[in-house]
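Read through the structure below, which is laid out as structure tokens, and then see the notes.
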Amino acid sequence: MAKALEQIKPTGKNLPVLFTSHGSPMDIPVPHYGNPFNTYLGDLGKEIRKNYSINAILVISAHWCTEGSFVNISPAPKTIYDYYGFPDNYYTIKYPASGHPLLAKQVAEGIKEIQTTTEWGFDHGNWPMLMHLFPNADVPVFQLSIDYYKSAQYHYDLAIQLKKYRKQGVLIIGSGALIHNLNLAMSKMQTGDTEIYGWEAEFDDWIRKRIEDRDVKALIDYKKNKLGEMAAPTPDHYVPVLYAMALADDNDNIRHTFSDVLPGFSNRSFIIESNS
């Protein structure tokens, strides 16, 4: 069960922040360590559990888009299968982590833009990633929605207000994709063509450098890049990187944990960790 707020003690050091791809829904039945992406998640989860004490996990998922910003205060969020046309076994997997309604309410009370709701659960930007990162589902999880209609600057400014929760043992995860062009990806997938178009590698390298340079202005203004609109024709999968970058302190390290470019996609992922 979720710990009461008065029982949440500072951990003594900032928890890391993750930005991670959540992979392809086609890989959902692949077992732990069954492919390079799942192996990366499993190894990273073990590393984090070894080095940090986690009170809760806050996920900003590309697959919960709303009008307004909401936090889920359900004590037992349901597993949501927000994809269609897959075999039956894709709809039987559960991620039974509890929610953390008291902490979620505290977030909403402290940030005026955020409202509370119980009308969502763990979507496929959340549980397919968490079931490999923390397979025992023994850490409470709550989720923050993405206001689809707000600017990149809005999301960055909102995210900065979450920074204090790193000190309270909250692992904050932005779950999306730095490149996510579903139309171009499907054009290749439908013919079995796995060759990238070429522009993906160029944009992936550009954004890698912007992340390493902490060039927040360029990340917020990504549409000024000639490939920005093609890489992120909709904001949902891109915005979680802004949440991650907003939470970084000046003395933090940024380490890339996974990189893989596919037609219309980038699975690049990274961790932000304190030096102290």
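Keep in mind it's a predicted model, so treat the numbers as computed, not measured. Computation of the quantities below employed the complete heavy-atom set of this structure, encompassing side-chain atoms and omitting hydrogens, waters and symmetry-equivalent molecules.
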### Task
Decide, yes or no, whether a salt bridge links Lys226 with Glu202 under the criterion of side-chain N to carboxylate O below 4.0 Å.
yes

### Message
Classify the ring geometry of Phe270 against His256: parallel below 30°, tilted from 30° to 60°, perpendicular beyond 60°.
### Response
perpendicular

### Message
As a test of understanding, state which of Phe203, Trp206, Tyr238 forms a ring pair (Phe, Tyr, Trp, His ring centres under 6.0 Å) with Tyr222.
### Response
Tyr238

### Query
Between Phe86 and Pro25, is any pair of side-chain heavy atoms under 4.5 Å apart?
yes

### Task
Under the salt bridge (Lys or Arg N to Asp or Glu O under 4.0 Å) rule, collect the residues that match up with Lys50, sequence neighbours excluded.
none

### Query
In this structure, are over 12 heavy atoms from other groups packed under 6.0 Å from Lys150 atom NZ?
no

### Task
State, without any angle test, whether Tyr95 and Asn126 hold a side-chain donor-acceptor pair at a distance under 3.5 Å.
no

### Query
For Asp260, what residues pass the salt bridge (Lys or Arg N to Asp or Glu O under 4.0 Å) criterion, not counting sequence neighbours?
none

### Gln168 versus Asn55, side-chain donor and acceptor atoms under 3.5 Å
no

### Query
Linking Ile, Leu, Val, Met, Phe, Trp and Tyr by side-chain heavy atoms under 4.5 Å, what else ends up with Tyr149?
Tyr148

### Query
Are any non-hydrogen side-chain atoms of Gln143 and Trp64 less than 4.5 angstrom apart?
yes

### Ionic contact status for Lys217 with Asp221, cut-off 4.0 Å
yes

#### Entry: ring-ring contact (aromatic ring centres under 6.0 Å, His included) involving Tyr91 - partner list, sequence neighbours excluded
Tyr81, Tyr83

### Message
Does the plane of the ring in Phe258 sit parallel, tilted or perpendicular to the ring in Tyr40? Use 30° and 60° as the thresholds.
### Response
parallel

### Sub-4.5 Å side-chain heavy-atom contact between Leu130 and Val141
yes

## Note on the structure
Value for CZ (Phe265) from CD1 (Ile179), rounded to nearest 0.5 Å, stands at 10.5 Å

### Query
Leu103 versus Phe142: any side-chain heavy-atom pair under 4.5 Å?
yes

### Task
Would you please name every residue forming a side-chain hydrogen bond (donor to acceptor under 3.5 Å, both in side chains) with Glu113, sequence neighbours left out?
none

### Task
Report the residues that fulfil side-chain hydrogen bond (donor to acceptor under 3.5 Å, both in side chains) with Asp236, sequence neighbours left out, ordered by chain and then residue number.
Thr234

#### Entry: Contacts of type salt bridge (Lys or Arg N to Asp or Glu O under 4.0 Å), residue Lys46, not counting sequence neighbours
none

### Summary
From the list Leu158, Ile173, Ile172, Ile160, side-chain contact (heavy atoms from CB on, under 4.5 Å) partner of Tyr243 resolves to Leu158

### Query
Taking the side chain as C-beta and beyond, is there a heavy-atom pair between Met245 and Phe19 under 4.5 Å?
no

### Query
Any donor and acceptor pair, going by atom type alone, linking the side chain of His63 with main-chain N or O of Phe122 inside 3.5 Å?
no

### Partners meeting salt bridge (Lys or Arg N to Asp or Glu O under 4.0 Å) with Lys223 (sequence neighbours left out)
none

### Task
Report yes or no: do Asn275 and Asp252 form a side-chain donor-acceptor pair below 3.5 Å?
no

### Message
Under 4.0 Å between a side-chain nitrogen and a carboxylate oxygen: does that hold for Lys105 and Glu109?
### Response
no

### Query
Salt-bridged, Asp249 to Lys163, with N to O below 4.0 Å?
yes

### Message
Using the side-chain hydrogen bond (donor to acceptor under 3.5 Å, both in side chains) criterion, which residues pair with Glu47? Sequence neighbours excluded.
### Response
Arg255

### Query
Residues in side-chain hydrogen bond (donor to acceptor under 3.5 Å, both in side chains) with Ser145, at least two apart?
Thr66

### Task
Determine the interplanar angle of the His237 and His22 rings, folded into 0 to 90°, and report it as parallel if under 30°, tilted if 30 to 60°, perpendicular if over 60°.
tilted

#### Entry: Pairs meeting criterion salt bridge (Lys or Arg N to Asp or Glu O under 4.0 Å) with involvement of residues 119-144, two or more places apart
Arg49-Asp138

#### Entry: Polar side chain donor-acceptor pair, Asp204 to Ser266, under 3.5 angstrom
yes

### Query
Does the side chain of Ile28 come within less than 4.5 Å of Ile93's, by heavy atoms?
yes

### Query
Do you see a donor-acceptor pair shorter than 3.5 Å between the side chains of Ser21 and Asn267?
yes

### Task
Could I get the full list of ring-ring contact (aromatic ring centres under 6.0 Å, His included) partners for Tyr165, not counting sequence neighbours?
none

### Query
Do the non-hydrogen side-chain atoms of Pro140 and Ile57 ever get within less than 4.5 Å of each other?
no

